[in-house]
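I have placed the structure first, in the form of structure tokens, so that the comments after it can refer back to it.
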Amino acid sequence: MNDEVQELKELLPGVEAAVREVGARLAEVRPTEPTPGRTVAEAMAHFAELDGPAAARLRARLGELRPQAGWVTDELEGSVPAEGEWWLCDATDGAVQYLLGLPHWAVTATLVRDGVAVLAVVHAPQLGGRTYRAVRGGGAELDGRAVAPLERELAVAVAGTSQPPSAAADTVALRRAGESLTAVLGSVLAVRNLGPTSLQVAQVGSGHLGLFWEYGADAGNLLPGALIASEAGATVTDAVGAAWTAGSDGFLAAAPGLHGDVLKVLRSVG
């Protein structure tokens, strides 16, 4: 184990503890019924009342652990700082589900160095309290046990997908999302959107999903899950099979034996 991996592994328990603490507080105040907000402004105002203190607490706890790291918001529109060390976090990843009183949300914390995720924790407080964590070069775990993708035929695989927050403004991503959904639906057992993008990508790494794909720039949501999935042994690329980076406009994570088959399906999307 090299020095960097050892350093990150020593940091990981503190990060997980911070994420769990914030998740527990959010779970205590989570709406049990859908928020009564009738407009986007009303819904987001209600969300800010809950998410704001949680985000501040997460920032404070992580700042204590790594004061030399900067801080970036989760709304990155496909870009992350290319140099330096930064915390990329989301206290309530899955805000829509959270506001609707649904359990499909997570707390995420990712340490990024020179534009690459090197540590990630994804914790789902109300989905059995499941916690994914990974460090670059050190493997991935779910609730303390090593995980790996599950190989299966594409026809019996369940695929996950989602859309970036800015998808409505990206006409190319919108078209590709629709065309790819039609193509993938005919090749797999089922397609689902199971909540936070970060959590769905991590679930590819643990075999709960066979694959996850998406079009559009979405680094803030993809980075934590991409690290977990790749460290677990999944194949992570862009939507045409090239190396995925924070600036890519397409994403695919799949079990190694499925990845090539999924790329063939996605090639029908222009």
Side-chain angles (χ1 to χ4, degrees), residues 74 90 93-98 100 102-108 110 117 120 122-124 126-128 130-132 134 140 142 147-165 167 173-174 176-241 244 248-266 269:
D74 60 303
D90 195 342
D93 189 7
V96 172
Q97 293 83 244
Y98 186 84
L100 290 174
L102 296 170
H104 303 87
W105 57 278
V107 184
T108 71
T110 308
V122 176
H123 172 57
Q126 295 187 310
L127 291 175
R130 288 187 165 184
T131 304
Y132 288 90
L142 170 58
V147 290
L150 180 62
E151 296 290 1
R152 68 201 86 182
E153 293 182 358
L154 185 59
V156 296
V158 175
T161 191
S162 188
Q163 298 80 40
L174 278 177
R176 288 173 172 170
E179 293 178 0
S180 64
L181 178 60
T182 300
V184 175
L185 274 171
S187 303
V188 300
L189 182 64
V191 175
R192 298 289 184 264
N193 185 331
L194 299 174
T197 295
S198 60
L199 184 59
Q200 293 188 82
V201 179
Q203 288 170 332
V204 175
S206 60
H208 291 90
L209 289 174
L211 62 115
F212 177 94
W213 91 97
E214 183 181 275
Y215 286 98
D218 197 15
N221 290 315
L222 289 168
L223 275 167
L227 176 63
I228 293 165
S230 62
E231 285 296 327
T235 302
V236 176
T237 68
D238 69 8
V240 296
W244 181 79
S248 297
D249 63 356
F251 179 87
L252 171 63
L258 287 177
H259 188 267
D261 292 336
V262 181
L263 281 178
K264 291 178 183 177
V265 175
L266 294 181
V269 178

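Sequential numbering from 1 along the given sequence is applied to the chain's residues. What you are looking at is a predicted structure, and each value in this text was computed from that prediction instead of being measured.
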For this session: Report yes if some heavy atom in the side chain of Leu223 is under 4.5 Å from a heavy atom in the side chain of Ser198; otherwise report no.
Result: no
Exercise. Minimum heavy-atom separation for Pro164 to Ala217, with atom names?
Worked result: CB-O, 3.6 Å
Exercise. Who are the side chain to side chain donor-acceptor pair (under 3.5 Å) partners of Glu231, not counting sequence neighbours?
Worked result: none
Seminar exercise, completed: Between the CG atom in Leu194 and the CD atom in Gln203, the distance rounded to the nearest 0.5 Å is 6.0 Å
Seminar exercise, completed: dist Ile228:CD1 -> Leu199:CG (nearest 0.5 Å) comes out at 8.5 Å
Problem set entry | Side chain proximity check, Leu266 to Tyr215, heavy atoms < 4.5 angstrom | yes
For this session: Report yes if some heavy atom in the side chain of Thr108 is under 4.5 Å from a heavy atom in the side chain of Asn221; otherwise report no.
Result: no
Exercise. Shortest non-hydrogen contact from Gly250 to Trp244?
Worked result: O-CD1, 3.3 Å
Seminar exercise, completed: salt bridge (Lys or Arg N to Asp or Glu O under 4.0 Å) filter on Asp249, not counting sequence neighbours, yields Arg176
Exercise. Distance only, no hydrogens: is a donor on one side chain within 3.5 Å (strictly under) of an acceptor on the other, for Ser206 and Tyr132?
Worked result: yes
Seminar exercise, completed: Between the CD atom in Gln163 and the CD atom in Glu214, the distance rounded to the nearest 0.5 Å is 7.0 Å
For this session: Not counting sequence neighbours, list each pair that qualifies as a side chain to side chain donor-acceptor pair (under 3.5 Å) and has a residue in residues 181-195.
Result: Asn193-Gln200
For this session: Using a 4.5 Å cut-off on heavy atoms from C-beta on, say whether the side chain of Val122 contacts that of Asp93.
Result: no
Seminar exercise, completed: Looking only at heavy atoms, the pair that brings Pro256 and Glu151 closest together is CD-OE2, 3.2 Å
Problem set entry | From Glu153 atom CD to Leu189 atom CG, the distance as rounded to the nearest 0.5 Å | 11.5 Å
Exercise. Does Gln126 use its side chain to pair, donor to acceptor, with the backbone of Pro103 at less than 3.5 Å?
Worked result: no
For this session: For Ala117 and Thr110, work out which heavy atoms get closest and say how close.
Result: CB-CG2, 3.7 Å
For this session: Decide yes or no for Phe251 and Thr197: does some side-chain heavy atom of the first lie under 4.5 Å from some side-chain heavy atom of the second?
Result: no
For this session: Provide the closest heavy-atom pair for Pro196 versus Gly94 in the form atom of the first, atom of the second, distance.
Result: CG-CA, 4.2 Å
Seminar exercise, completed: In this structure, CG of Asp90 is separated from CH2 of Trp105 (nearest 0.5 Å) by 11.0 Å
For this session: Check each of Leu252, Val236, Leu209, Leu150 against Val204 using the side-chain contact (heavy atoms from CB on, under 4.5 Å) test, and report the only one that passes.
Result: Leu209
Exercise. Considering only heavy atoms from C-beta outward, does the side chain of Leu142 approach that of His208 to under 4.5 Å?
Worked result: yes
Exercise. Is there side-chain contact between Val265 and Val188, with heavy atoms separated by less than 4.5 Å?
Worked result: no
Seminar exercise, completed: Correct closest heavy-atom pair for Ala253 and Val201 would be CB-CG1, 4.2 Å
